[in-house]
Amino acid sequence: MSSSVTREAASNEPPQPAGGPAEPRTPSVTPPADGSAPAITAAPQRRGAAPVRAALAALSGVLLYLSFPPRPLWWLAPLALALLAGCLHGRRPRAGFGLGTLAGLGYLLPLLVWTGEEVGPVPWLALAFLEALFIGLTGLGIALVGRLPAWPVFAAAVWVAGEALRARVPFGGFPWGKLAFGQADGVFTPLAALGGTPLLSFGVALCGFGLYAAVRLVRRHPGRTTAALTALTVAAPVAAALAARPLVSDAAEDGSVVAAVIQGNVPRLGLDFNSQRRAVLDNHVKRTIQLAEDVEAGRVPRPDFVVWPENSSDLDPYAEPDAHAVIDRAVKAIGVPVAIGAVVAPETGPLRNTMILWDPVAGPTETYDKRKIQPFGERIPMRSFVRLFSSDVDRVRRDFGPGTEPGVFDMAGSGVGMVTCFEAAFDDAVRSTVRDGAQVIAVPSNNATFGRTQMTYQQLAMDRVRAVEHSRTVLVPVTSGVSAVIRPDGRIVSQTQMFTADALVAEIPLRSTRTPATVLGPLPEYALLLLAAGGFGALATRRIRAGRAA
């Protein structure tokens with residue numbers, strides 16, 4: 001932060017109370033005799049301070065983006081939030097909303113650029129701006145609770161509340177870019193096993209906001225006990241993460257199995273790869289038969305089961321006899337159960353994005369229909385209105401419909417839970433699969449539409465966090481890459497190159513122990529939402545008392 005902003009803060013604020021930032025001075029109001037706070041007004045700014053704050057807010061968003069994969073710079077996230085806290089300190093709620101929105105744009109515009117890879121900038125800009133408004137609301141909330149004692153705790157809870165809101169609205173929510181998903185390589189990651197992604201996001205945010213409060217207090221009151229107490233908000237999440245380390249294990253509890261994932265590749269990049277649906281199917285059939293030949297030759301161990309990607313057969317095998325025949329031939333060749341990603345087209349009603357359990361003897365048996373359907377990708381809300389901005393909506397001629405039940409396939413005696421692509425971003429979709437008996441999680445995906453962008457690495461990091469959160473191996477078969485095998489401790493032990501036909505075969509542990517995050521479910525998030533609400537309630541009470549005293 002610039003020295004002019006620091007001088008401004010020092011000249012306009014009284015000494016710091018223990019536990020939080022001081023309220024801006026209001027000389028015309030005498031504090032009531034009962035000790036309650038006077039009415040709160042924003043500190044005056046020097047000329048030119050507003051543009052500096054705006055630039056620093058946008059920079060904080062850029063730093064937050066840089067903390068995400070494929071860069072291993074997870075430690076930038078707390079620094080980014082510390083910078084944002086400095087921008088929001090002492091600001092009015094309206095300014096907090098504006099500065100938060102700028103931070104959101106600096107963060108989400110580069111993070112989500114892949115959404116416009118094949119459809120142009122309009123959907124990308126619209127999505128990034130909409131999601132940035134949620135971060136603007138978060139900034140408004142942080143500016144408010146920043147006037148309370150112990151404000152970093154309340155501010156971190158407000159951050160989680162903002163993530164919870166955008167994970168639910170509009171159109172079912174878009175949780176992509178949650179703070180937790182950038183921490184797969186970080187020291188805070190074990191918090192996911194303790195309280196899920198909400199607690200992991202809370203820990204990172206608390207560290208960042210606490211860092212700003214600690215630095216500010218040390219500079220203004222060196223040696224004060226308050227500085228040491230505020231520093232605890234930095235140390236507490238790190239200590240909690242280290243204490244949660246024993247929850248992170250990749251030991252085999254129910255034995256181990258050999259699993260294989262197939263990456264058949266696509267004939268060309270972009271949206272039009274779907275026009276060669278048979279070629280995509282043939283690629284996965286061919287790579288599976290090649291794996292069977294490698295097994296017979298002793299080059300790789302025989303897998304106990306195989307998982308294909310999402311959309312590996314966009315031809316409905318129930319309606320297309322030829323598609324049924326080639327899939328059945330591949331499954332018989334490998335001789336073990338195979339999970340097939342298919343588009344099922346009923347005569348009436350919506351399409352189904354379905355995983356089919358295909359047995360080498362019995363043929364297709366169980367199915368799982370994807371529950372979280374991607375808006376503007378697999379279904380088009382407000383189609384006639386959206387068409388005014390992009391004719392690409394008509395590429396989705398028939399909407400997909402959601403399934404209703406978790407899918408756990410019995411594959412050679414192993415419970416393999418299906419979490420299809422976009423669903424990995426939703427806490428409840430993954431958790432319900434593990435609660436339903438999954439010993440292994442499979443995340444079949446199709447990233448071919450997004451080319452060679454960073455999207456595939458962002459999603460892979462998300463899958464790594466889910467592995468730690470629920471202490472399960474995560475198998476990630478992708479049509480075009482990056483496919484991977486992720487151990488329960490979040491380590492990637494095998495992965496493919498992008499746009500290369502390949503097969504991964506690995507021995508993986510089977511686990512049935514449930515982490516606290518799995519058992520508690522949404523309760524940690526609800527507790528943090530109550531904490532944020534408590535901060536707003538305390539602020540409202542202070543204002544009411546100040547108004548009565550005045």
Could you pull out every donor-acceptor pair under 3.5 Å between side chains of residues 399-416 and any protein atom, sequence neighbours left out?
residue : atom : partner : partner atom : Å
Asp399  : OD1  : Ile380  : N            : 3.3
Asp399  : OD1  : Arg383  : NH2          : 2.9
Asp410  : OD1  : Gly413  : N            : 3.0

Give every residue pair that meets the ring pair (Phe, Tyr, Trp, His ring centres under 6.0 Å) criterion with at least one member in residues 312-342, sequence neighbours excluded.
->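 Every ring pair (Phe, Tyr, Trp, His ring centres under 6.0 Å) pair that includes a residue of residues 312-342, provided the two are not neighbours, is His324-Trp358.
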Residues that [X] engages under side-chain hydrogen bond (donor to acceptor under 3.5 Å, both in side chains), provided they are two or more places apart:
X: Ser432; answer: Arg371
X: Glu310; answer: Asn353, Lys370
X: Thr473; answer: none
X: Thr189; answer: none

Can you tell me which residue pairs pass the side chain to side chain donor-acceptor pair (under 3.5 Å) test with a partner in residues 169-182, sequence neighbours excluded?
->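 Sorted pair list: Trp176-Gln458, Lys178-Thr197, Lys178-Asp427.
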Show me, pair by pair, the donor-acceptor contacts under 3.5 angstrom made by side chains of residues 120-135, not counting sequence neighbours?
residue : atom : partner : partner atom : Å
Trp124  : NE1  : Leu109  : O            : 2.8
Glu131  : OE1  : Arg166  : NH1          : 3.2

For [X], which residues count as a ring pair (Phe, Tyr, Trp, His ring centres under 6.0 Å) partner, sequence neighbours excluded?
X: His470; answer: none
X: Phe188; answer: none
X: Trp74; answer: none
X: Tyr107; answer: Phe68

